[in-house]
Amino acid sequence: MTKLLDIKLIRENPEMVRNNLERRHAQEKLDLLNIVIAADKKWRELTTKVNKLRKRRNEISSEIALALKDGRDSNSLIEEAKNIPEEIKIIEIELQNQQNIVKNGLMGLPNLLHESVPYGKDDKDNVIIKIWGNQPQFNFEPKSHAELATKLGIMDIERAAKASGAGFYYLRNEMVLLDYAIMRYAVDFLMSKGYTVIEPPYMIRRSFYEGVTDLSDFENVMYKIIDEENEKDPLYLIATSEHAMGAMLKDEILNESALPIKLCGISPCFRKEVGSHGKYTKGLFRVHQFNKVEQFIFCKPEQSWSLHEELQNNCEKLYQNLELHYRVVNVCTGDIGSIAAKKYDTEGWMADREFREIGSNSNCTDYQARRLNIRYRHKEGQVPVGYVHTLNNTAIATSRTMIMIFEQHQQEDGSIKIPKVLRKYMNDIEYINGTINKLEI
RNA sequence: GCAGAGGUGCCAGAGCGGUUAUUGGGCUAGUCUCGAAAACUAGUGGCCUUGAGCCUCAAGGGUUCGAAUCCCUUCCUCUGCGCCA
């Protein structure tokens, strides 16, 4: 049975699970929990009942086998046995029903929160734990990245809307260089920290996808590839390489000596952004496609909390080297999302003097690993001892990072100063001024 | 896309309608040893109300008193051939 939370935990400690839901303000999930508990009880009763019938069936079958072997008459035994499968089948159907209720219920229950997650209702209750750098000072009115990039002739949102709809972009020349430079810079940084770089498949089967994400994401976030060939298990475009990296080790048993496995994924991300009306959608902030370098870790349970901090340090170092002003929040119980036990959001400063999310760092503990069935063992040849923990954190999303670079490093003449660490990746350009191979259209 | 061969436990690999899923290897424990190796012995998945219990041979259905074994559907892997950047 696919598990999300451990059904045994719910049986033995329902109050703890209930308190967790209350802290999350997940009132509607309390009913779900009660349904799960009731169905599990029913399932256990039926299991006992059906096991007794199966036992009788097995006994008769072996008696028949013995009789046939000895050449004795077995007709009366066969007569007796004929009715049993029907009885078993009736119970098995009900057993399956109850099991499905439990399974679907478990899939719908969120992860257990870490005690250090602050209590709160929504994103206004997130706790600021760090502010790095100072607010940029301008002796002119700073412009938005969209205005700057459009004027420089290196981003074309209007024509993208014509070709593909809202939420897309054509980048040109220096902005393309910048996009790639950010990725190369982040990849080099993480490689120097020992992370293995992964370019994953950009499409994943639904059955694998269910392990790494919330089910509602299939409607609101992911693009489905319509293909009559594989309707049963269709492919979805990845919304982040996190999903592809989690799915990579599905159903595997890892040797303890291999852990932690530290990965750096690089890929485009595709997101439908259904229901984002009213949210901040200017320019590159909320788009259907963007590039991202992602950190992902599989580790032993006792390693995950220190690695959660390591992932945070990594992404902050990237922004610090880019000379960008940001802050970090500890996401509160009401805003954390179902798969994380604890989450830090990194928020970047933008020219309208607001901080907005640029990265998200989650310790998912064993929640994803249970769904994906990824376990570990002490050494080769031994039986698995438990589920691994998984963590993921944005290293850098190029779209939102470009927003910050444009808005924080803009000059009075509308040019953009390139942070030193990126220059070697973009032909040593110091300022973006839109003059390279300018397209006059 | 077409054709063929496959999917069995931690791993390899046999079984192809009948009581207990052969057999290796690995791993764990014990015996022996100053210790180790070797050898030998036992164990080595999941579930529940712990019983001479039930389940487990890619997944799901079916046939049967009884299915790893026969039939159907789906998924996956490998090997050819075709197509293709």
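What you see is a predicted model, and the numbers here were worked out from it, not measured in a lab. Naming: A, B, ... by sequence-line order, numbering from 1 per chain.
A/T365 and A/N111 share a side-chain donor-acceptor pair at under 3.5 Å.
A distance of about 10 Å separates the C1' atoms of B/G13 and B/U22, rounded to the whole Å. The separation of B/A36 from B/G30, taken at their P atoms, amounts to 10 Å, rounded to a whole angstrom. The gap from the C1' atom of B/G15 to that of B/G80 amounts to 29 Å, rounded to the nearest Å. Separation of the P atoms belonging to B/G26 and B/U74 is 42 Å when rounded to the nearest angstrom. Comparing B/U56 with B/C47, their C1' atoms sit 10 Å apart, to the nearest whole Å. Nucleotides B/G45 and B/C40 are separated by 23 Å at their P atoms, to the nearest Å. Spacing between B/A12 and B/C65 at atom C1', rounded to whole Å, works out to 36 Å. Taking atom P on both B/G43 and B/U23, the two are 12 Å apart, rounded to the nearest angstrom.
Taking A/H288 as the reference, A/Y223 meet the side-chain hydrogen bond (donor to acceptor under 3.5 Å, both in side chains) condition, with sequence neighbours excluded. In this structure A/A67 satisfies the side-chain contact (heavy atoms from CB on, under 4.5 Å) test together with A/R72, A/S74, sequence neighbours excluded. With sequence neighbours excluded, the residues that form a side-chain hydrogen bond (donor to acceptor under 3.5 Å, both in side chains) with A/Y209 are A/H243. By the side-chain contact (heavy atoms from CB on, under 4.5 Å) test, A/I101 pairs with A/I35, A/A39, A/Q98, sequence neighbours left out. Under the side-chain contact (heavy atoms from CB on, under 4.5 Å) criterion, A/N313 pairs with no residue at all, not counting sequence neighbours. Applying the side-chain contact (heavy atoms from CB on, under 4.5 Å) rule to A/L177 yields the partners A/M426, A/N427, A/I429; only residues at least two apart in sequence or on another chain are considered. Considering only residues two or more places apart in sequence or on other chains, A/K343 meets the side-chain hydrogen bond (donor to acceptor under 3.5 Å, both in side chains) condition with none of them. For A/F285, the ring pair (Phe, Tyr, Trp, His ring centres under 6.0 Å) partners are A/Y280, not counting sequence neighbours.
Taking atom NZ on A/K379 and atom C1' on B/A29, their separation rounds to 13 Å, with Å as the unit. For the pair A/Q382 CD and B/A29 P, the interatomic distance rounds to 9 Å; values are reported in whole Å. Rounded to whole Å, the distance from CD on A/E256 to C1' on B/C10 is 15 Å. The CG atom of A/N255 sits 11 Å away from the C1' atom of B/G26 (whole-angstrom rounding). Residue A/I91 contributes atom CD1, which lies 15 Å from atom C1' of B/C55 at whole-angstrom precision. Spacing between atom CZ of A/R56 and atom P of B/U19 amounts to 18 Å, rounded to whole angstrom units. As a whole-Å value, the separation of A/D251 CG from B/C11 P is 12 Å. Remark: P of B/U56 and CZ of A/R54 are 7 Å apart, rounded to the nearest angstrom.
Between A/N314 and A/K317 the shortest side-chain heavy-atom distance does not fall below 4.5 Å.
Secondary-structure stems of RNA chain B, taken as three or more successive Watson-Crick or G-U wobble pairs (i with j, i+1 with j-1) under a 3.5 Å distance threshold, comprise B:1-7 with B:75-81, B:10-12 with B:23-25, B:26-31 with B:39-44, B:45-47 with B:53-55, B:58-62 with B:70-74.
None of A/L324, A/L322, A/I432, A/I418 except one satisfies the side-chain contact (heavy atoms from CB on, under 4.5 Å) rule with A/H409; the exception is A/L324.
Taking 4.0 angstrom as the limit, A/N58 places none of its side-chain polar atoms (N or O) nearer than this to OP1 or OP2 of B/G53.
The nearest heavy atom of RNA chain B to A/V50 and to A/S62 marks one nucleotide each, and the one closer to the 5' end goes with A/S62.
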Tabulated below should be each protein N or O lying under 3.5 Å from an N or O of nucleotides 48-50 of chain B; please produce it.
{"unit_1": "B/C48", "atom_1": "OP1", "unit_2": "A/R11", "atom_2": "NH1", "d": "2.3"}
{"unit_1": "B/C48", "atom_1": "OP1", "unit_2": "A/R11", "atom_2": "NH2", "d": "3.0"}
{"unit_1": "B/U49", "atom_1": "OP1", "unit_2": "A/R44", "atom_2": "NH1", "d": "3.4"}

Donor-acceptor pairs under 3.5 Å, side chain of residues 158-170 of chain A to any protein atom, not counting sequence neighbours: which ones?
{"unit_1": "A/R159", "atom_1": "NH1", "unit_2": "A/D156", "atom_2": "OD2", "d": "2.8"}
{"unit_1": "A/Y169", "atom_1": "OH", "unit_2": "A/Q289", "atom_2": "O", "d": "2.8"}

Letter by letter from the 5' end, nucleotides 58-71 of chain B scores (B base, S sugar-phosphate only, - none; protein heavy atoms under 4.0 Å) ----S--BS-----
Quick one, A/H389 with A/F298, criterion ring-ring contact (aromatic ring centres under 6.0 Å, His included). Give me CA distance, side-chain angles, the key distance, then yes/no. CA-CA 6 Å; A/H389 279 197; A/F298 299 93; over 10 Å; no
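Of the candidate nucleotides B/C55, B/G18, B/C76, B/C76 has the atom nearest to the side chain of A/R205.
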